[in-house]
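Structure first, then comments.
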There are 2 protein chains.
Amino acid sequence: MPPSDLTALASRYREGLRHAVYLVRSMDAEGEYSTAQVSMMNMISANPLRVGDIARRLGIRLPSATEMVIKLQRAGLVERLPDATDARAVLVSLTGRGQAVLAEANVRRNEHLAEQLGQLDDDERAVLEAAIPVMLKLNLSPGDEPAIIHAK
Amino acid sequence: MPPSDLTALASRYREGLRHAVYLVRSMDAEGEYSTAQVSMMNMISANPLRVGDIARRLGIRLPSATEMVIKLQRAGLVERLPDATDARAVLVSLTGRGQAVLAEANVRRNEHLAEQLGQLDDDERAVLEAAIPVMLKLNLSPGDEPAIIHAK
DNA sequence: GGGCACAGTTAGGGAGCCTAATAGTTAGGG
DNA sequence: CCCTAACTATTAGGCTCCCTAACTGTGCCC
């Protein structure tokens with residue numbers, strides 16, 4: 001594929017990305033908990049994770065993860081436990097209430113989005129579904145560096 | 001399509017949306033100007049717009065648009081002019097420097113994203129391209145004009 | 001055991017969004 | 001006409017989520 005076509009596709013995909021951001025924002029506006037919070041809770045729902053692991057997987061810096069954890073802890077959704085194998089580390093796990101809230105938030109968000117998806121026809125949905133794995137591949141900063149680095 | 005499949009698709013698309021958000025954030029980290037700023041500037045690059053029109057098309061509230069305009073004005077990229085037909089309104093237009101900065105920002109962002117797209121194979125790119133119009137359809141805000149971002 | 005690396009927190013700051021309250025302008029009905 | 005209701009934008013204050021820099025405490029290794 002010639003570079004000029006790539007750039008043209010990039011330009012159009014930027015529009016799609018912008019709309020995706022709006023969609024996420026509209027979902028955040030509906031529910032009690034933000035996308036960031038729900039993502040973090042989903043991340044630790046299977047196994048407790050260290051704060052550093054959370055930060056790395058969310059693509060943010062450690063202090064940002066600490067801040068989010070503290071807020072969720074104050075809301076009673078999350079616990080901070082010592083790691084038996086390393087006294088420096090802090091394990092973050094969902095409380096019982098956190099599990100309930102998370103389950104409900106996931107249902108809510110899925111239903112909200114399903115409502116939007118219901119307005120598409122079958123072909124459009126198939127096209128969207130096929131694109132999801134590609135969208136996942138496009139994630140920059142495949143593991144190490146956070147997505148956001150403030151210039152300056 | 002049964003509702004249960006819709007919800008399952010919603011759940012998977014949520015993951016795609018999350019990655020899209022990361023991608024946008026990583027593009028913001030690279031350049032000097034944010035996606036929000038570039039979108040606003042693209043919006044007024046053809047014709048000056050009123051602050052209210054900008055807010056509506058960006059899907060944000062009036063005070064948020066005012067704030068963004070003021071910041072861009074202080075950076076010398078944008079001007080606020082009176083509307084001859086309505087003394088209440090304020091028209092926002094790009095300065096010469098704003099036009100130059102915008103053109104360069106669009107090029108840089110497209111090249112940055114094109115680099116990512118270049119790592120896909122042709123089938124994946126075709127799938128992604130086909131999904132863009134569907135992504136745009138998903139963002140219709142009820143009652144109002146759809147938020148259309150003019151990427152260049 | 002001294003020094004360095006690592007995990008996390010604290011402190012301070014910025015972008016970008018919000019609601020509520022305010023000032024100024026327009027337009028329509030009495 | 002004028003008065004009021006509706007509209008446009010701004011100001012004020014507040015929130016989340018992200019950042020860097022500086023700090024505390026722990027682990028490791030020579």
Side-chain angles (χ1 to χ4, degrees), chain A residues 18 21-22 24-41 48-75 78-92 141 144-152, chain B residues 18 21-22 24-41 48-75 77-78 80-92 141 147:
Chain A
R18 190 63 186 147
V21 169
Y22 291 168
V24 167
R25 206 147 64 208
S26 77
M27 293 204 311
D28 279 1
E30 300 259 324
E32 287 180 58
Y33 299 97
S34 70
T35 291
Q37 290 173 325
V38 172
S39 293
M40 206 202 88
M41 287 193 282
L49 286 179
R50 290 148 77 120
V51 178
D53 288 334
I54 292 171
R56 192 164 30 75
R57 296 194 199 191
L58 280 179
I60 61 180
R61 300 286 186 191
L62 245 181
S64 308
T66 294
E67 185 187 349
M68 279 183 59
V69 167
I70 289 172
K71 269 180 195 153
L72 287 174
Q73 188 180 33
R74 276 205 274 262
V78 134
E79 279 173 329
R80 283 197 287 180
L81 310 166
D83 182 340
T85 72
D86 186 343
R88 295 170 301 177
V90 170
L91 289 175
V92 184
S141 58
D144 292 342
E145 281 301 299
I148 299 184
I149 298 141
H150 275 254
K152 130 188 134 149
Chain B
R18 190 169 56 83
V21 169
Y22 291 168
V24 167
R25 283 215 295 247
S26 77
M27 294 206 312
D28 280 1
E30 300 260 323
E32 287 181 59
Y33 300 98
S34 70
T35 291
Q37 290 174 323
V38 172
S39 293
M40 206 203 87
M41 287 192 282
L49 285 179
R50 290 147 75 117
V51 178
D53 288 334
I54 292 171
R56 190 163 32 75
R57 296 195 197 190
L58 280 179
I60 61 180
R61 301 289 184 189
L62 244 181
S64 308
T66 294
E67 185 186 350
M68 277 183 61
V69 167
I70 289 174
K71 271 179 194 157
L72 287 174
Q73 188 180 32
R74 276 204 274 263
L77 306 181
V78 134
R80 283 197 287 180
L81 311 167
D83 182 340
T85 73
D86 187 342
R88 295 170 300 178
V90 169
L91 290 175
V92 184
S141 37

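Letters go in sequence order (proteins before strands), and every chain restarts at 1. When reading the values below, keep in mind they use all heavy atoms of this one structure, side chains included, and skip hydrogens, waters and symmetry mates.
Of the side-chain N and O atoms in A:S34, one or more sit less than 4.0 angstrom from OP1 or OP2 of D:dC17.
The shortest non-hydrogen separation linking A:I60 to A:A65 is CD1-N, 3.8 Å. Of all the heavy atoms in A:P82 and A:L91, the pair that sits closest is O-CD1, 4.2 Å. Nearest heavy-atom pair across B:L58 and B:S39 is CD2-CB, 4.0 Å. Contact detail for B:R50 and B:A89: the closest heavy-atom pair is CZ-CB, 3.5 Å.
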Checklist entry - How is the base pairing of DNA chain C summarised as a dot-bracket string, given the Watson-Crick and G-U wobble criteria with both distances under 3.5 Å, [ ] for crossing and | for another strand? => result ||||||||||||||||||||||||||||||
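Distance CZ (B:R18) to P (D:dC17): 15 Å, rounded to an integer number of Å. Rounding to whole angstrom units, CD1 of residue A:I70 and P of C:dA11 are separated by 10 Å. Between the P atom of D:dT16 and the CZ atom of B:R25 lies a distance of 16 Å, rounded to the nearest Å. For the pair B:I60 CD1 and C:dT19 P, the interatomic distance rounds to 12 Å; values are reported in whole Å. In this structure, CG of A:L49 is placed 14 Å from P of C:dA7, rounded to the nearest angstrom. As a whole-Å value, the separation of B:D83 CG from C:dG24 C1' is 15 Å. Atom CZ of A:R74 is separated from atom P of D:dC17 by 13 Å (rounded to the nearest Å). Whole-Å rounding puts the A:E67 CD to C:dG8 C1' distance at 14 Å.
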Checklist entry - What string of B, S and - do you get for nucleotides 2-8 of chain D, 5' to 3', when a contact is any protein heavy atom under 4.0 Å? => result -----BS
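From B:T35, atom OG1 reaches atom CZ of A:R18 across 6.5 Å, with rounding to the nearest 0.5 Å. In this structure, the separation between CG on B:L77 and CG on B:L72 is 5.5 Å, given to the nearest 0.5 Å.
Looking at the side chain of A:P63, the nearest of the listed nucleotides C:dT19, D:dC18, C:dT10 is C:dT10. Among the nucleotides D:dC18, C:dC17, D:dT11, the one closest to any side-chain atom of A:M68 is D:dC18. Residue B:R61 places its side chain closer to C:dT19 than to any other of D:dC18, C:dT19, C:dC17. Each of C:dG16, D:dC19, D:dT11 was ranked by its minimum atom distance to the side chain of B:T66; first place goes to D:dT11. Looking at the side chain of A:K71, the nearest of the listed nucleotides C:dC17, C:dA20, D:dT16 is D:dT16.
Between the B:D28 side chain and the B:S34 main chain, no donor and acceptor come within less than 3.5 Å of each other.
In this structure the side chain of B:V92 reaches within 4.5 angstrom of the side chain of B:I54, judged on heavy atoms. When side chains are defined from C-beta on, B:R57 counts as touching B:L49, because their heavy atoms get closer than 4.5 Å. With a 4.5 Å cut-off on side-chain heavy atoms, B:R80 and B:I70 count as touching.
Each of A:T85 and A:Q37 lies near DNA chain D, and the nucleotide nearest A:Q37 is the one positioned closer to the 5' end.
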